[in-house]
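So the structure is just underneath, and the comments pick up after that.
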Amino acid sequence: VFSTQSDTEVILRGYEEFGVRVLEKLEGMFAIAIWDEPEEKLFLARDRIGIKPLYYYPGAHGEISFGSELKALLPLIQERNISKEALYHYLLYGFVLQGESMVEGIHHLLPGHYLIWQNGSFTTQRYWRLQKQDYDAKTEADWMALIEENLRNAVKSHLIADVPVGLTLSGGLDSSAVLALMCQSSDHSLLNAITVGYNRPDDETRYSRIAAAGFDVNVHERFIKIEDVGEHYEKIIYHMEEPIAHPVLGTTYFLSRAVREHLKVVLIGEGSDELFAGYPHYRLFTFPYSLAPEFLTRHFFMKAGYIMPGWRTIANLLQPEWLDRDLLRQVAHRYDPYFSGGITGERGLHFELEAELVGSQLLRVDKLMMAHSVEARVPFLDRNFVELAYSIPYNLKRKNGIEKYILRKAMSKYLPDEVAWRPKSGPKGTQALLQPLMDKALLPRWNDLLSNQSLTNHGMFIPEKMTKYLTERPWDK
């Protein structure tokens, strides 16, 4: 049946046999393009969760172009314009709207979707939707057993490769759990783990050493200065292509560079926070915060989670030609359907799994890892594990004030208590990096971009109002 050893040929043979239904049989991360010669049609598809990006550009004369990077499509556009809708989404949420891109006319193919182009026109179709599944689980012990079994299977399947597979190790629960299960599924004497730190008091490298101490693993530490992020920020933005307001862009960039010195493939712990309510703002759904009126809970859920300005503030900062109040208000309410039945922790997780995880976390990791020719694999986002985690009752994800409670309990027998039960780093998590990044890395080197003259030249923001806004140092709040 097969004439090569390539896994790509499996996809082609599957498409020949099943057509678009081959997607039901594929697992893992992928962005696929197949030219169907007999039917004279193009088939594009993106994995269920959105781990791999895929852009497309419908031309003015019925043609279509596609690529894994935005910059591959830019030469096709004669007049490049910023999409107001994507811009507003970034200013409100800190990442670009999925389905759009910052460049008008270029689109992301949505996760769990495929596209068919034929005879000068195209359609997109959703082939997978996140839904709760039925499991034979009634007690905490039942769910713990299912978590352990499914996560172990996910890790094991992600270790299949033609080259050595290592991991990025932060010392937090997620990457440490991956380490523990990797060591049960591979010859861990050959396992390499990569850690990056800033030599700050809240640095997590101490915990990565504790996590690694119980396993026979080679840990490679790399320490960088906050100032290094500013020096490399232009490269970071070049590889990101679209803006993301995330404090660990620099960390991910230097981590990727350190990984490439030793490995080509790594497992990472991304996705666990969105599956198990690991972020600090999920405490809003616990007593006494849960007593607050729903509109306040919703406001602070977005405010604490994304620390971006509200739509009225943005409207006040934009030049008239860049301000479309109706569109801005519409984007500000884009995610209302997720909370149409009331704001709950479970609905918050659904929103973040389909929006923030894809547009901020996964895009950041993929682009900065691939910039260094590193393949980052995400076992927590294995389809079977995602469906399991999504089906676990919310009251087991955050219990007794402990975030990711049921995951911690399931993994605690493999990890030191200092790792398994340690809260997310600091009261603000990675947001604690914002102040030193702004003061030591970004403002000293790039402050000219925010001068009155620069803001006037670019014409997007009202210089006097933006200067006043920045003087108030919103990143400290």
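Positions are given from 1 along the sequence.
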- Applying ring-ring contact (aromatic ring centres under 6.0 Å, His included), run through Phe300 and Tyr289 and close with a yes or a no. CA-CA 10 Å; Phe300 284 108; Tyr289 307 105; 9.8 Å; no

- Message: Could you walk me through whether Ser170 and Tyr207 satisfy the side chain to side chain donor-acceptor pair (under 3.5 Å) test, starting with their C-alpha distance in whole Å, then the side-chain angles of each, then the deciding distance to 0.1 Å, before giving a yes or no?
- Response: CA-CA 7 Å; Ser170 70; Tyr207 294 101; over 6 Å; no

- Dump the intermediate steps for side-chain contact (heavy atoms from CB on, under 4.5 Å) on Asn384 and Asn153, then the final yes or no. CA-CA 9 Å; Asn384 291 316; Asn153 290 341; over 6 Å; no

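- Annotation: side chain of Leu357 is in contact with side chain of Ile49 (closest heavy-atom distance under 4.5 Å).
- When all heavy atoms of Leu362 and Gly50 are compared, the pair lying nearest together is CD1-O, 3.7 Å.
- Contact annotation: the side chain of Trp311 approaches that of Arg325 to within less than 4.5 Å [non-hydrogen atoms, C-beta and beyond].
- Under the salt bridge (charged side-chain N to carboxylate O under 4.0 Å, His left out) criterion, Glu354 pairs with Arg126, sequence neighbours left out.
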- Task: Could you walk me through whether Val217 and Met182 pass the side-chain contact (heavy atoms from CB on, under 4.5 Å) test, one step at a time?
- Result: CA-CA 10 Å; Val217 55; Met182 285 178 78; over 6 Å; no

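- Taking all atoms of both residues into account, the shortest heavy-atom contact from Leu381 to Gly271 is CD2-CA, 3.9 Å.
- With no hydrogens or angles considered, a side-chain donor-acceptor pair links Gln361 and Glu356 at under 3.5 Å.
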- Task: Could you please spell out the steps behind the salt bridge (Lys or Arg N to Asp or Glu O under 4.0 Å) verdict for Glu140 and Lys399?
- Result: CA-CA 11 Å; Glu140 282 189 13; Lys399 183 176 179 180; 2.3 Å; yes

- Query: Under the salt bridge (Lys or Arg N to Asp or Glu O under 4.0 Å) criterion, do Glu346 and Lys132 qualify, and how do the steps go?
  - Reply: CA-CA 11 Å; Glu346 200 163 65; Lys132 290 182 181 294; 2.9 Å; yes

- Query: What do the steps show when you test Ile194 against Glu261 for side-chain contact (heavy atoms from CB on, under 4.5 Å), and what is the final call?
  - Reply: CA-CA 10 Å; Ile194 314 298; Glu261 294 175 8; over 6 Å; no

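- Residue Glu234 qualifies as open at atom CD: its count of foreign heavy atoms under 6.0 Å is 12 or below.
- Using a 4.5 Å heavy-atom threshold, the side chains of Asp142 and Thr139 count as touching.
- Annotation: side chain to side chain donor-acceptor pair (under 3.5 Å) contacts of Tyr414 (sequence neighbours excluded): Glu148, Arg152.
- Around CG of Asn199, the count of heavy atoms belonging to other residues, nucleotides or ligands within 6.0 Å exceeds 12.
- By the ring-ring contact (aromatic ring centres under 6.0 Å, His included) test, Tyr56 pairs with His107, Phe122, sequence neighbours left out.
- Listed by first then second residue, pairs satisfying salt bridge (Lys or Arg N to Asp or Glu O under 4.0 Å) with a partner in residues 359-368 read Lys52-Asp366, Glu241-Lys367, Glu270-Arg364, not counting sequence neighbours.
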- Query: Does the pair Lys404 and Asp273 meet the rule for a salt bridge (Lys or Arg N to Asp or Glu O under 4.0 Å), with working shown?
  - Reply: CA-CA 8 Å; Lys404 297 194 281 194; Asp273 287 320; 2.9 Å; yes

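- Under the 30°/60° scheme for interplanar angles, the aromatic rings of His239 and His372 are found to be tilted.
- Here the two rings, on Tyr253 and Tyr233, have centers that are 6.0 Å apart or farther.
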- Item | side-chain contact (heavy atoms from CB on, under 4.5 Å) evaluation trace for Trp143 with Leu388 | CA-CA 9 Å; Trp143 287 113; Leu388 167 68; 3.7 Å; yes

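- The side-chain heavy atoms of Val358 and Arg46, taken from C-beta on, include a pair separated by under 4.5 Å.
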- Task: Check the pair Tyr279 / Glu403 against side chain to side chain donor-acceptor pair (under 3.5 Å), numbers first and verdict last.
- Result: CA-CA 8 Å; Tyr279 292 124; Glu403 77 274 7; over 6 Å; no

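- Checked by atom type, the side-chain pair Tyr390/Gln133 shows no donor-acceptor distance below 3.5 Å.
- Summarising the geometry of Asp203 relative to Phe223, their closest heavy-atom pair is OD2-CE2, 4.2 Å, with the distance given to 0.1 Å.
- Residues Ser176 and Gly171 share a closest heavy-atom pair of OG-C, 3.8 Å.
- Note: His108 and Tyr55 have tilted aromatic rings, judged against thresholds of 30 and 60 degrees for the angle between ring planes.
- Ring geometry for Phe285 against Tyr282 counts as tilted: the plane angle lies between 30° and 60°, on a 0 to 90° scale.
- Remark: His220 engages His262 in a ring-ring contact (aromatic ring centres under 6.0 Å, His included) (not counting sequence neighbours).
- Within 6.0 Å of atom CZ in Arg209, more than 12 heavy atoms from other residues, nucleotides or ligands are found, so the atom counts as buried in its surroundings.
- Side chains of Gln435 and Asp439: a donor on one and an acceptor on the other come within 3.5 Å.
- You'll find the ring centres of Tyr405 and Phe276 outside the 6.0 Å limit.
- Ring-plane geometry between Tyr306 and His281 is classed as tilted, the angle between the planes lying from 30 to 60 degrees on a 0 to 90 degree scale.
- Taking all atoms of both residues into account, the shortest heavy-atom contact from Leu323 to Ala315 is CD2-O, 3.7 Å.
- Contact annotation: the side chain of Thr168 never approaches that of Leu267 to less than 4.5 Å [non-hydrogen atoms, C-beta and beyond].
- Side chains of Val96 and Ile244 form no contact here, defined as non-hydrogen atoms less than 4.5 Å apart.
- Side-chain contact between Val266 and Val165: absent, with no pair of heavy atoms (C-beta onward) separated by less than 4.5 Å.
- Side-chain atoms of His89 do not come within 3.5 Å of backbone N or O of Glu85 as any donor-acceptor pair.
- For His232 and Tyr238, the ring centers sit 6.0 Å or farther from each other.
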- Message: Using the rule given for salt bridge (Lys or Arg N to Asp or Glu O under 4.0 Å), can you reason through Glu227 versus Arg445, listing the C-alpha separation, both sets of side-chain angles and the distance that settles it, and then say yes or no?
- Response: CA-CA 9 Å; Glu227 292 81 0; Arg445 192 175 183 89; over 6 Å; no

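- Under the 4.0 Å criterion applied to side-chain N and carboxylate O atoms, Arg206 and Glu204 are not assigned as salt-bridge partners.
- Phe95 and His246 have their aromatic ring centers separated by at least 6.0 angstrom.
- By the 4.5 Å heavy-atom criterion applied to side chains, Tyr469 and Thr313 are counted as neighbours.
- Taking the charged nitrogens against the carboxylate oxygens, Glu27 and Arg383 do have a contact shorter than 4.0 Å, which makes a salt bridge.
- Scanning for side chain to side chain donor-acceptor pair (under 3.5 Å) contacts around Arg398 gives an empty result, with sequence neighbours left out.
- Considering all non-hydrogen atoms of both residues, Pro423 and Arg408 come closest at CA-NH2, 4.2 Å.
- Under a 3.5 Å cut-off, the side chain of Arg48 and the backbone N or O of Gly112 do not form any donor-acceptor pair.
- Here the side chain of Trp446 pairs a donor or acceptor atom with the backbone of Gly230 at under 3.5 angstrom.
- Around NZ of Lys84, the count of heavy atoms belonging to other residues, nucleotides or ligands within 6.0 Å exceeds 12.
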